[in-house]
Amino acid sequence: MTARPKVASYDFQKTLRRHTVRDKLAASVIIIPPIPRQVGSTMLDHGTPEHAAVDDPIESLRHRMRHSAAHVMADAVLQLFPEAKVGIGPPTADGFYYDFDVARPFTPEDLERIESLMLATIKSDAPFVREELARPTARSFFATQPYKQEIIDDLPDETTLSIYRHGEFTDLCQGPHVGSTGEITAVKLLHTAGAYWRGDENRPMLQRIYGTAFESQAELDAHLERLAEAERRDHRTLGRQLNLFTVHEEIGPGLIVWHPKGGVMRSIIEDYWRDIHYRRGYNIVYSPHIGRARLWQTSGHLDFYRDSMYAPMEIDDQEYFLKPMNCPFHIQIYRASLRSYRELPLRIAELGTVYRYERSGVLHGLMRVRGFTQDDAHIFCLPDQVAGEVGDVLDLTFEIMSAFGFEDYDIMLSTRPDKYVGAPETWEHATESLRQALLSRGLPYDIDEGGGAFYGPKIDIKITDALGRAWQCTTVQFDFNLPERFDLVFQDDQGNRSRPYMVHRAILGSLERFFGVLVEHYAGAFPLWLAPVQAVVIPIADRHNEYAGQVANQLRDAGYRVEVDDRSERMNQKIRQAQLQKTPYMLVVGDREADAGAAAVRTRDGDNRGAMPLDDVVALLNGELAGTPAKAIR
């Protein structure tokens, strides 16, 4: 298990020096003009939160370059579509985008023309120049751009409005940028999509163009190859191809239907999860899918989370809500009796399905859904047990993630925000417990000062997949709010009633999301212990079907998931189909294999291992499963 270093090791010092000098020159040009002149396709852009400083020098360079590329792209679009209304165009973690209100969707041919104009602007090496505007001047300057007007009007009065110019184009922007368009070294437009203005499905649908930019053509080419590989691994495509899950309009968006093969895999994951939690001293429970409004009022969800909850249903003149979280149910289990300090820590865990409203525009396969199952747990403990419990959660996290093939992590410790509940000394104790749990295990982490929830500090852990992408999964979260709201107590060693510490934790997070990450991490070629079908027996001719069934039964008796492909198709076609289904092993049987009590073994990657006695086939599979969780769940 490793945690990835935060500072890139690229050697671009010469490039960085060149950009730094030019950026300082550009930043030094602060002009407070009277009424600025609007020339040609001059437009204001936006101030977005993405302008925050980036510590890593390479990422800082990319951030500025991509921000600048977004401006150059908007310039090109307005040259081709002068009536377009422009929205926002921020840099992102791996590229940039810009939103446009145009008469028709952009076509691939449009992107080619836009990119061609961008390259011409880049070649011109036009400097980026910053100016500041008074608010009335800015509003006048953008009288024909309603989205820019809205942004200006929504900015706080104390905000200094600034614009960046290059050539005849101007954007409302807080920066920063590179020194000139010529410093956008390598750029590529990627694709388009619809995007609601400000993410609100009740607002206009704009056309968004995505692109990316890098400091060298080699880095850009490598990124484009990663994007192509990510597309090949897309869990939505593989989910259909491998018959794992579907989403149906008749049922509703964001609601997942697990097919038999996906169901097998989910059962394997859940069985392993239960086994390891029982061994770690957790009590696994089940709770209803709905609860009375009074429960959610006490928990505070109706006051602070109602927009993400589904509309109530009325039963016996009482309002009930689908549960968005499992916490209140576990609290009721704790409250079922007066707890003694001797009963603590009490660890309550559940694979609990919750329902949260997500706008249709953000739903994405298994990654963003409306109904999902959390591997939720709540730990009720004494103050002097906190550090040990947090440490145990971290150990459990890394053991589980390692079993699924994840070894690289990014860890973030989030501390007390300005507005919070609970005593400062309690926050300090909880935060220090989290910190010590990380330090004692030698785990590098970043600190998000003030980034904790109002009810407690937390640790977030992101796993890194085969493509180097980070995925948020594990959270260890203190809660000083719900114990107060539900008046949780225990009887201490003096016979007095005291408040327990409460720790929320989820390791996999959402099972749906984690499954989607698994699909993309392995590109559907799951390790043997996770594969829904571990081997397929392929009879060469119909007369071999009976023996194929015997082979399958012997492997099933040994605990393996096996199918027989007895279709009247050519052997090579059956092998090809098994490879497309990413089945780990193909066992081909014909006359010679039947006479010898054997099977010809092939793997999904094309390795032909020849005929092997069936006992040796079982031994081969057993050897591959050694060291995996398979033994615990078979």
Side-chain angles (χ1 to χ4, degrees), residues 48-50 87-88 90 99 147 150-151 153-156 193-206 208 247 249 251-256 287-315 318-332 352-374 376 378 414 417-421 448 450-456 458 460 472 475 477-482 484-486 504 506 509-513:
T48 69
E50 287 85 351
I88 63 172
D99 293 339
Y147 302 111
E150 182 177 329
I151 292 171
D153 290 343
D154 287 348
L155 290 172
Y196 290 110
W197 172 237
R198 294 194 160 179
D200 185 344
E201 58 194 21
N202 297 312
R203 304 295 301 275
M205 170 72 78
L206 307 183
R208 176 171 294 178
V247 179
E249 197 61 38
I251 296 172
L255 302 173
I256 306 302
S287 62
H289 289 239
I290 63 173
R292 278 182 175 175
R294 184 172 61 192
L295 178 72
W296 306 111
Q297 192 68 57
T298 302
S299 69
H301 285 91
L302 288 186
D303 292 330
F304 303 109
Y305 204 74
R306 187 159 188 161
D307 287 346
S308 295
M309 297 173 66
Y310 280 94
M313 61 191 83
E314 189 169 303
I315 303 173
Q318 296 278 334
E319 283 190 336
Y320 285 75
F321 288 84
L322 286 168
K323 65 175 178 180
M325 297 183 185
N326 298 301
C327 327
F329 297 92
H330 295 184
I331 286 173
Q332 296 304 318
T353 300
V354 297
Y355 304 89
R356 299 178 187 174
Y357 172 71
E358 295 275 9
R359 295 192 303 269
S360 59
V362 302
L363 297 175
H364 181 79
L366 295 171
M367 305 304 191
R368 290 288 292 270
V369 294
R370 287 174 171 168
F372 58 95
T373 300
Q374 287 185 306
D376 230 348
H378 296 89
S414 300
D418 292 335
K419 295 182 179 180
Y420 61 93
V421 298
D448 181 8
F454 74 91
Y455 49 83
K458 64 176 179 174
D460 288 316
Q472 173 64 50
T475 297
Q477 169 79 65
F478 278 89
D479 192 329
F480 305 130
N481 182 46
L482 290 183
E484 292 288 338
R485 283 181 167 270
F486 285 95
H504 302 263
S510 155
L511 282 189
E512 284 74 7
R513 189 165 184 264

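All values below come from the heavy atoms of this structure, side chains included, with hydrogens, waters and symmetry mates left out. The residues of the chain are indexed from 1 along the displayed sequence. Computed from a predicted model, the values in this text were never measured in an experiment.
- Counting heavy atoms from C-beta outward, R294 and E319 have side chains that stay 4.5 Å or more apart.
- Contact of the H301 side chain with the M325 side chain is registered, since non-hydrogen atoms from C-beta on lie closer than 4.5 Å.
- Within the 4.5 Å cutoff, the side chain of L482 has heavy atoms near those of the I331 side chain.
- Within 6.0 Å of the CG atom in D307, the count of heavy atoms belonging to other residues, nucleotides or ligands does not exceed 12.
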Note to self: If you apply the rule side-chain contact (heavy atoms from CB on, under 4.5 Å), what do you find for V354 with N326, and how did you get there?
What the structure shows: CA-CA 7 Å; V354 297; N326 298 301; 3.8 Å; yes

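- The aromatic ring centroids of W296 and Y310 lie 6.0 Å or more from each other.
- Distance NE2/H289 to OH/Y320: 15.5 Å, rounded to 0.5 Å.
- What you find for G254 and L363 is that their closest heavy atoms are N-CD1, 3.8 Å.
- With salt bridges taken as basic N to acidic carboxylate O contacts below 4.0 Å, one links R198 and E150.
- Residues S414 and G452 share a closest heavy-atom pair of CB-N, 3.5 Å.
- Taking the side chain as every heavy atom from C-beta outward, D479 and Q477 never approach each other to under 4.5 Å.
- Taking a 6.0 Å sphere around CZ of R203, one finds it holds more than 12 heavy atoms contributed by other residues, nucleotides or ligands.
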Note to self: Before you tell me yes or no, could you show the steps for L366 and L511 under side-chain contact (heavy atoms from CB on, under 4.5 Å), namely the whole-Å CA-CA distance, both residues' side-chain angles and the distance that decides it to 0.1 Å?
What the structure shows: CA-CA 9 Å; L366 295 171; L511 282 189; over 6 Å; no

Check: Under the side-chain contact (heavy atoms from CB on, under 4.5 Å) criterion, do Y147 and L206 qualify, and how do the steps go?
Finding: CA-CA 11 Å; Y147 302 111; L206 307 183; 3.4 Å; yes

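- Taking OG from S299 and CZ from R485, the interatomic distance works out to 7.0 Å, rounded to the nearest 0.5 Å.
- With rounding to the nearest 0.5 Å, the separation of OG1 in T373 from CZ in R513 is 15.0 Å.
- Annotation: side chain of F329 is in contact with side chain of P288 (closest heavy-atom distance under 4.5 Å).
- The line from CD of Q374 to OG of S510 is 7.5 Å long, rounded to the nearest 0.5 Å.
- Within the structure, the salt bridge (charged side-chain N to carboxylate O under 4.0 Å, His left out) test picks out the following pairs touching residues 360-374 (sequence neighbours left out): E358-R368.
- No side-chain heavy atom of Y420 sits less than 4.5 Å from a side-chain heavy atom of Y455.
- Nearest heavy atom pair, residue A195 against residue M205, reads N-SD, 3.1 Å.
- Annotation: the span from T298 atom OG1 to F486 atom CZ amounts to 5.0 Å, rounded to 0.5 Å.
- A heavy-atom distance below 4.5 Å is not found between the side chains of L295 and K323.
- The side-chain heavy atoms of R356 and Y305, taken from C-beta on, include a pair separated by under 4.5 Å.
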Item checked: Worked verdict on I256 versus E512 for side-chain contact (heavy atoms from CB on, under 4.5 Å) -> CA-CA 8 Å; I256 306 302; E512 284 74 7; 4.2 Å; yes

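- Heavy atoms only, all atoms of each residue included: E201 and S360 are closest at OE1-OG, 3.4 Å.
- If you take CD on Q318 and CE on M313, they are separated by 13.5 Å, rounding to the nearest 0.5 Å.
- Remark: R208 engages D99, Y210 in a side chain to side chain donor-acceptor pair (under 3.5 Å) (not counting sequence neighbours).
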